[in-house]
There are 2 protein chains.
Amino acid sequence: MDIKQLHYFVTVADQLSYSKAAQRLHISQPSLSNAIKNLELEVGSPLLERNTRRVELTDAGKILYTKATLLLSQMNMLKKEMEEVKLTGSGELIIGIIESVKHWIPKVIRTYQDRFPDIHFKLLEVLGGKAVKESLRKYHTHLLITNQCIEEEDIESLPLYDEKLVLVLHRDHPLAQKESIHIKDLEQESFIISTEGFQTRADILRAFSLEQATPTIKFEIERFETALTLVRENLGITIIPENYVSEPMDASIVRKTIHSPALERTIYVAYMKNRYLAPAVQSFLEETRRNFA
Amino acid sequence: MDIKQLHYFVTVADQLSYSKAAQRLHISQPSLSNAIKNLELEVGSPLLERNTRRVELTDAGKILYTKATLLLSQMNMLKKEMEEVKLTGSGELIIGIIESVKHWIPKVIRTYQDRFPDIHFKLLEVLGGKAVKESLRKYHTHLLITNQCIEEEDIESLPLYDEKLVLVLHRDHPLAQKESIHIKDLEQESFIISTEGFQTRADILRAFSLEQATPTIKFEIERFETALTLVRENLGITIIPENYVSEPMDASIVRKTIHSPALERTIYVAYMKNRYLAPAVQSFLEETRRNFA
DNA sequence: CACTATTTATAGCATCAAGCTATTAATTTA
DNA sequence: TAAATTAATAGCTTGATGCTATAAATAGTG
């Protein structure tokens with residue numbers, strides 16, 4: 001007893017005529033006769049009382065009819081819903097982000113929503129090395145905005161834009177007055193840096209080592225906001241992406257540019273390479289890249 | 001997208017393994033692979049993320065899974081219900097009756113219900129000539145208890161029992177005192193008889209004509225209860241089936257047996273000859289006939 | 001009453017989907 | 001590195017489902 005048979009039966013019951021039903025179903029009348037006969041065999045009781053002139057539903061037929069129409073409509077619903085899914089994925093777009101995207105992500109989302117108004121967004125903060133790859137592979141996220149440079153077989157990682165790293169220190173700090181600052185100047189200072197595993201930590205350490213210097217690491221933090229809090233209390237200095245201090249900065253802290261080619265990080269958008277991307281996901285990817293083209 | 005495919009998919013999703021699912025479905029693993037592939041093609045997006053070691057549901061897969069399990073369970077319900085229908089018909093047994101069955105039908109129903117406790121009864125009073133045949137043909141009734149002698153190609157009509165017709169008259173009526181009464185004695189009396197089309201009318205008129213007599217018809221009625229009401233008022237006399245006056249009779253009326261071979265009617269049980277009879281219907285038929293064997 | 005039109009059933013044929021086996025490819029485990 | 005496991009691919013077979021042609025039944029019509 002499959003959907004097709006039920007569909008055939010319901011159509012005959014609606015038309016109360018095999019030939020009309022066959023026309024509507026775009027099959028021949030004998031095929032339809034056969035199909036109904038088989039259905040009756042399977043059900044075990046006649047469904048239609050028929051002579052050459054009149055077709056009527058039997059008791060069993062009436063019952064099957066009501067049940068079958070219900071089932072068929074639900075089947076149609078299912079098909080329609082899967083059609084939707086094909087376009088929009090699950091209706092949910094899960095994006096793994098880092099903090100510094102705050103200044104541009106709302107804009108991208110806004111233009112995107114004109115095209116896919118029904119999509120529901122989920123923005124997850126994904127920090128640290130392994131978490132990034134896992135979140136993609138385990139279907140936690142569809143897309144990932146990250147500063148991790150991922151080089152894996154199955155993950156595509158496209159650069160979006162570069163972000164400068166800037167020195168941040170307290171207004172009252174001695175270096176705050178100095179015109180131009182170099183890495184070497186920072187060696188003796190209490191330094192605040194990300195914990196092991198973060199790309200930014202690696203970038204900063206590389207910048208130091210390029211100048212044959214080593215920072216005096218006093219604090220290890222996970223979020224740059226934490227670093228800023230420490231700087232506000234003048235407990236140390238730090239180097240963080242410029243986007244964290246581009247906005248209305250409070251007066252107690254000062255930002256300084258340091259000239260070093262290494263003090264720059266690249267922001268990537270990453271996704272599973274060989275996995276099907278729903279058009280909704282694809283579109284968001286394109287929208288994002290266009291934003292930085 | 002048919003039921004089978006969905007069933008396959010759900011099984012794979014449950015097992016998270018093609019080979020295990022194939023075993024459970026009693027098909028080969030390649031066949032299953034193929035089936036899922038086709039389903040994915042039809043849906044338009046991948047449902048399962050698979051490498052040789054692990055099978056996981058995609059977003060689309062998760063959605064289809066929940067919808068499909070629902071649909072499948074409903075399909076199973078439908079099958080079970082049709083199985084029920086095969087055994088018990090629609091769960092409703094519609095019997096066309098005439099009034100005089102009152103004295104035995106409850107007994108038959110009682111023993112019958114021990115075997116089919118879920119059957120719901122409907123007792124319709126079916127009067128008159130054409131109504132009897134129509135009620136069978138149009139699926140209004142499954143069985144018919146009738147005194148009509150039906151001789152049609154498509155209707156089987158089995159005699160159940162004979163019923164005597166008796167004279168009924170008012171206590172104060174002159175004939176009430178007489179010992180033995182003959183048809184001839186009734187000619188001048190106000191006679192109450194069924195309207196045209198009823199078998200009993202034909203029976204009575206034949207009894208008269210056998211004796212070369214004609215009744216003086218004053219009233220034509222449709223229900224024998226009406227006739228009794230008229231007799232109670234001494235407005236006339238009537239001849240009706242004995243079962244109508246077998247029960248506690250009120251004192252105002254008197255019954256008299258008339259010796260005439262024609263004053264007897266046969267009660268039949270009738271049903272459509274070439275139509276499928278659900279076992280529940282069949283059983284009731286047997287139960288009824290056994291009652292009078 | 002014969003003739004036409006209509007409708008379902010039957011018979012026989014064609015084709016394609018859905019199954020199978022055998023094999024390959026990929027990956028984990030020992 | 002070998003063995004084991006698992007999914008995918010290739011190629012073949014078969015049966016269900018479709019088709020056409022035709023028969024059978026019946027209602028309507030001149």
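No experiment lies behind these values; they were computed from the predicted model shown.
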When rounded to whole Å, the NE2 to P distance for the pair A/H7 and D/dG18 reads 12 Å

A/D2 atom CG is separated from C/dA17 atom P, nearest whole Å, by 15 Å

If only side-chain N and O atoms count, and only distance matters, is there a donor-acceptor pair under 3.5 Å linking B/Y65 with B/D14?
yes

Quick note, A/I27 side chain, CB onward, closest among D/dA7, C/dG19, D/dC19 is D/dC19

* Would you say D/dA7 has OP1 or OP2 under 4.0 Å from some side-chain N or O of B/S19? -> yes

Quick note, A/Y8 side chain, CB onward, closest among D/dG18, D/dC19, D/dA8 is D/dG18

Atom CG of B/L6 and atom C1' of C/dA18 are separated, to the nearest Å, by 16 Å

Exercise. Would you please indicate if the ring centroids of A/F121 and A/F116 are separated by under 6.0 Å?
Key: no

Taken to the nearest whole Å, CG/B/N38 to P/C/dA17 is 9 Å

Looking only at D/dT20, C/dC20, C/dT8, the nucleotide nearest the A/S28 side chain is D/dT20

To the nearest angstrom, the CD-P distance between B/Q29 and D/dA10 comes to 14 Å

Worksheet entry | Distance-only donor-acceptor check, side chains A/T11 and A/Q15, under 3.5 Å | no

- request: Tell me what B/S31 touches on the nucleic acid: a base, only sugar-phosphate, or nothing, going by heavy atoms under 4.0 Å.
  value: base

Rounded to whole Å, CD of A/E56 lies from C1' of C/dT7 at a distance of 15 Å

Short side-chain to backbone donor-acceptor contact, A/Y18 and A/V55, under 3.5 Å
no

Exercise. Would you please confirm or rule out a distance under 4.0 Å between OP1 or OP2 of C/dT8 and any side-chain N or O of A/S33?
Key: no

Ranking B/P30 and B/K4 by the position along DNA chain C of their nearest nucleotide, the one closer to 5' is B/K4

Among C/dT10, D/dA7, C/dT8, the one nearest any side-chain atom of A/S17 is C/dT8

In whole angstroms, the gap separating P of D/dA7 from CD of B/E49 amounts to 14 Å

Nearest-nucleotide check on DNA chain D, A/Q5 vs B/L16; residue mapping nearer the 5' end is B/L16

When rounded to whole Å, the CG to P distance for the pair A/L25 and D/dT17 reads 14 Å

Can A/R201 and A/T195 be counted as having a side-chain donor-acceptor contact under 3.5 angstrom? no

